Number of protein chains: 2
Amino acid sequence: MGELTLVRAARPARVKIAPKTELPLGQILAGDCVSEMRKLPDASIDLVFADPPYNLQLGGDLNRPDGSHVDAVTDDWDRFDSFAAYDAFTREWLTECKRILKPDGGLWVIGSYHNIYRVGAIMQDLGFWLLNDIVWRKSNPMPNFRGTRFTNAHETLLWASQGEKARYHFNYRAMKTLNDELQMRSDWVLPICSGGERLKGDDGHKAHPTQKPESLLYRVLLATTEKGDVVLDPFFGTGTTGAVAKRLGRDWIGCEREAAYRKVATARIAKELPLDESALTTMQSARSQPRVAFGAVVEAGLLPAGTEVFDKKRRWRAQVRADGSLLCGKESGSIHHVGKTLQGAPSCNGWTFWHYERDGEIKPIDAARQLYLLSVED
Amino acid sequence: MGELTLVRAARPARVKIAPKTELPLGQILAGDCVSEMRKLPDASIDLVFADPPYNLQLGGDLNRPDGSHVDAVTDDWDRFDSFAAYDAFTREWLTECKRILKPDGGLWVIGSYHNIYRVGAIMQDLGFWLLNDIVWRKSNPMPNFRGTRFTNAHETLLWASQGEKARYHFNYRAMKTLNDELQMRSDWVLPICSGGERLKGDDGHKAHPTQKPESLLYRVLLATTEKGDVVLDPFFGTGTTGAVAKRLGRDWIGCEREAAYRKVATARIAKELPLDESALTTMQSARSQPRVAFGAVVEAGLLPAGTEVFDKKRRWRAQVRADGSLLCGKESGSIHHVGKTLQGAPSCNGWTFWHYERDGEIKPIDAARQLYLLSVED
DNA sequence: ATCGATATTGAATCTAGGA
DNA sequence: CTCCTAGATTCAATATCGA
């Protein structure tokens with residue numbers, strides 16, 4: 001797995017990065033996340049994913065129209081006396097996150113409208129720089145049983161870097177691949193965690209009231225970490241972050257106060273198997289790939305000289321020449337230059353503009369580049 | 001257009017509601033919104049819709065890359081020295097909104113991740129009670145050209161009441177109808193404002209950098225106001241709020257500092273035609289229908305005393321008595337009470353629980369209520 | 001086994017009015 | 001204040017059950 005895209009040029013950090021060997025990798029730290037994080041060295045963590053209490057402030061009981069009772073989140077850990085108390089708690093754990101994150105580290109926090117506005121403002125106050133807010137659109141949310149509001153069908157994730165000028169990691173290419181060759185948007189449609197994925201306790205009841213779906217963590221980790229990175233989750237719960245991190249070949253650390261959650265998480269992560277190298281490699285960022293001359297692809301016989309290439313709408317056709325240039329009428333030159341000139345565009349990515357036909361299928365010539373890259377590996 | 005559902009029980013407000021005649025209805029107040037709102041009486045406005053500046057640049061202190069983007073929002077009104085200045089500005093205009101809103105009034109604010117977390121936290125601090133956060137999912141957002149982040153494909157709207165215990169208006173039934181008989185969710189998919197709807201200035205360039213689509217305001221006003229309500233927009237811009245309000249038969253007031261925007265908005269709203277009464281009629285919640293005593297239905301002979309009623313699965317049968325009570329074995333009482341007791345349920349809507357047979361068909365006794373309502377109309 | 005019907009459940013700030 | 005009662009209100013995905 002290659003390096004991810006490092007976005008934003010900045011001077012190399014002068015902060016001393018703590019080596020991984022000083023970290024309790026693959027461990028669930030038993031205790032309050034603030035005191036546990038305080039034991040960790042500065043600038044040692046690549047990514048924090050945090051799912052803090054939402055401070056729901058629920059009223060009385062709620063029944064469905066069929067009379068059944070809604071099992072609400074009434075756990076002690078979600079009770080705060082006031083917004084001020086919640087803010088103080090939030091400021092405290094976010095401050096520790098800021099300290100232990102590397103200068104190019106990333107922070108994700110998930111929440112609902114009950115807490116996310118406070119969390120977001122405090123993140124900004126502490127100097128975190130918001131990169132995106134992501135909306136998790138639930139495909140199967142709980143309805144509003146009383147018909148009093150809009151169905152609360154989403155939760156919000158905030159993604160931030162250490163500061164306005166800080167570098168951060170974003171695996172643009174992997175996200176685009178995951179999204180069927182369209183840029184990944186800030187709204188993600190994913191189902192809630194249910195069925196076999198939902199962990200049960202010994203009593204057959206759900207082990208944790210707010211277990212997050214693995215698909216959500218999968219996308220977060222794939223987008224903003226690389227293999228071997230260290231991911232910390234201060235509110236580990238049943239360990240979704242740890243399970244997905246292990247699967248994706250990332251190191252992880254969790255903090256969790258409740259012994260029952262730690263027990264479930266430990267068993268769960270033990271069962272998890274890391275994906276093998278080849279599965280992870282396909283998610284590499286195009287920008288960090290070695291540059292490939294079109295000529296090398298031609299040379300390798302993947303798009304032999306004489307092959308006809310064309311744009312997606314077949315407005316233009318061009319011929320591949322032996323030296324890796326294209327010829328289209330009077331225009332000739334690199335794949336990028338010819339594409340740009342024909343369109344009258346300021347620039348053109350020839351790899352995605354030009355296409356070829358193989359076995360009745362039309363593919364961008366970038367597909368041939370990928371094949372070339374595979375063939376030269378090892 | 002009938003009355004909307006009033007949600008949440010609260011004592012009748014002791015606040016004196018200012019009459020509409022004291023308000024500058026259908027006017028764009030020329031000036032800063034805080035000073036203009038200060039001239040308005042307390043408790044006089046039904047709904048505020050606000051689209052405040054987004055704080056895209058954080059002023060000269062935080063030296064930004066040299067702002068050479070052609071179409072970026074770089075107007076003077078969108079510059080603030082710091083988060084603190086933005087917060088102070090936000091607190092100021094929201095405080096005036098709180099004062100001029102009626103006790104059962106509603107507040108909507110739209111923003112992006114640059115400002116909405118600060119706005120949301122301040123709203124909560126001022127005592128506004130968040131009812132929903134709504135995600136406007138843009139069907140055609142601007143791509144992220146540099147491939148450095150997720151495509152920023154949504155904006156966020158916050159909907160709040162005056163306080164935790166305050167009443168508010170929500171036209172649940174109209175929203176459900178608009179959404180093909182499914183509850184309206186908190187994520188709305190709507191296109192951005194473009195094409196003919198996008199207003200152009202004399203130079204042929206877009207008149208305003210962040211003109212909102214009318215479909216967005218249409219849904220907001222239909223959901224949370226009724227005909228004749230007064231809607232105020234403190235950042236009127238090119239008057240989308242006024243145009244849609246006029247079309248939907250709501251009164252409106254705008255505040256706008258820039259003469260150029262006022263000019264465009266005035267011309268735009270002048271062209272707008274109100275929909276006629278029948279088009280404005282929306283589906284009504286059952287809650288807004290007149291209450292009918294079951295006894296009245298019995299009295300009217302629609303379900304005469306002695307009629308046998310039963311639940312859908314015919315697990316229980318009961319007899320209608322002359323006073324409008326039911327008898328089932330030892331249990332007797334109102335249609336609701338008997339249904340509730342027999343099922344051991346926390347509550348029961350007798351109108352839909354009990355059924356009767358007529359001409360070989362089985363109908364809920366609610367059908368008899370509807371017949372009764374028809375018979376007493378006019 | 002299979003198919004259709006029925007039951008369960010999910011981060012929920014979830015009523016209104018009168019005595 | 002509290003208490004009481006009328007009565008309005010749900011979507012999608014699993015899991016279980018019964019023929």
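Per chain, numbering begins at 1; letters A, B, ... match sequence-line order. Model, not experiment: these values are computed from the prediction.
- Residues from residues 330-345 of chain B with heavy atoms under 4.0 angstrom of DNA chain D, sorted by number: B/Ser334, B/His336.
- Atom C1' of nucleotide D/dT10 and atom CG of A/Asn152 are separated by 15 Å, given to the nearest angstrom.
- When the P atom of C/dA11 is taken as reference, atom CG of A/Asp51 falls 11 Å away, rounded to whole Å.
- Between A/Trp252 and A/Phe236, the gap from one ring centroid to the other is short of 6.0 Å.
- Counting only N and O atoms by type, the side chains of A/Thr151 and B/Gln183 include a donor and acceptor under 3.5 Å apart.
- We find that CZ of B/Arg291 is positioned 8 Å from P of C/dG18, with the value rounded to whole Å.
- Going from atom CZ of B/Phe128 over to atom C1' of C/dT13 covers 17 Å, rounded to whole Å.
- Taking the P atoms as reference points, C/dC14 lies 23 Å from D/dA12, given to the whole Å.
- Spacing between D/dA15 and C/dA11 at atom C1', rounded to whole Å, works out to 22 Å.
- Only the P atoms considered, C/dA12 is 25 Å distant from D/dA8, to the nearest whole Å.
- Under 3.5 Å, the side chain of A/Lys138 and the base of C/dA11 form no donor-acceptor pair of N or O atoms.
- Residues B/Arg91 and B/Thr95 have side chains that never bring a donor and an acceptor to within less than 3.5 angstrom of each other.
- Comparing D/dA8, C/dT13, C/dA11 against the side chain of A/Asp78 picks out C/dA11 as the nearest.
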- Query: Can you give one letter per nucleotide of nucleotides 11-19 of chain D, going 5' to 3': B for a protein heavy atom under 4.0 Å from the base, S for sugar-phosphate only, - for none?
  - Reply: BSSSS----
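- The stretch residues 82-94 of chain A has no heavy atom under 4.0 angstrom from DNA chain C at all.
- Between the side chains of A/His114 and A/Ser112, a donor-acceptor pair is found at a separation under 3.5 Å.
- Comparing C/dA12, C/dC14, C/dA7 by their closest approach to the side chain of A/Arg146 singles out C/dC14.
- For the 3.5 Å distance criterion, the side chains of A/Arg198 and A/Ser194 fail to qualify, holding no donor opposite an acceptor.
- The aromatic ring centres of B/Trp129 and B/Tyr168 sit 6.0 Å or more apart.
- Of the inter-residue distances, the one linking B/Leu47 atom CG with B/Leu221 atom CG reads 6.5 Å to the nearest 0.5 angstrom.
- A/Leu56 places its CG atom 14 Å from the P atom of C/dG10, with the value rounded to the nearest Å.
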- Note on the structure: Under the rule of Watson-Crick or G-U wobble with both distances under 3.5 Å, where | means paired to another strand and [ ] a crossing pair, DNA chain D maps to .|||||....|||||||||
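- Map A/Ile192 and B/Gln124 each onto its nearest nucleotide of DNA chain C; the residue landing nearer the 5' end is A/Ile192.
- Taking atom NE2 of A/His205 as the reference point, atom P of C/dG10 lies 6 Å away to the nearest angstrom.
- Using modelled atom types and a 3.5 Å distance limit, the side chains of B/Thr224 and B/Trp108 yield a donor-acceptor pair.
- In this structure, the nucleotide among C/dA12, C/dG10, D/dG7 sitting nearest to the side chain of A/Tyr113 is C/dA12.
- Closest of all the heavy-atom pairs between A/Asp133 and B/His154 is O-CE1, 2.9 Å.
- Counted by atom type alone, B/Asp311 and B/His355 present zero donor-acceptor pairs between their side chains at under 3.5 Å.
- Residues B/Tyr356 and B/Glu308 form no side-chain contact, since every pair of their non-hydrogen atoms from C-beta on lies 4.5 Å or further apart.
- The separation between A/Asp66 atom CG and D/dA8 atom C1' is 14 Å, rounded to whole Å.
- For the C1' atom pair drawn from D/dA6 and C/dT13, the interatomic distance equals 25 Å after rounding to whole Å.
- With sequence neighbours left out, the salt bridge (charged side-chain N to carboxylate O under 4.0 Å, His left out) criterion links A/Glu272 to A/Arg247.
- Among the nucleotides C/dA12, C/dA11, C/dG10, the one closest to the side chain of A/Asp71 is C/dG10.
- Between A/Leu58 atom CG and C/dG10 atom C1' there is a gap of 13 Å when expressed in whole angstrom units.
- The side chain of B/Lys313 lies closest to C/dA7, out of C/dA7, C/dG10, C/dA11.
- Taking B/Arg314 as the reference, B/Glu357 meet the salt bridge (charged side-chain N to carboxylate O under 4.0 Å, His left out) condition, with sequence neighbours excluded.
- Comparing atom distances between the A/Thr148 side chain and each of C/dA11, D/dA8, C/dT15 picks out C/dT15 as nearest.
- Listed candidates were C/dC14, C/dT13, D/dA8. Nearest to the side chain of B/Arg287 is D/dA8.
- B/Ser161 is not listed as a side-chain neighbour of B/Phe128, based on a closest heavy-atom distance of 4.5 Å or more.
- Remark: B/Asn349 is in phosphate contact with D/dA8, judged by side-chain N or O atoms under 4.0 Å from OP1 or OP2.
- Rounded to the nearest 0.5 angstrom, A/Ser186 OG and B/Tyr113 OH are separated by 9.5 Å.
- Counting heavy atoms from C-beta on, the side chains of A/Leu217 and A/Phe49 come closer than 4.5 Å.
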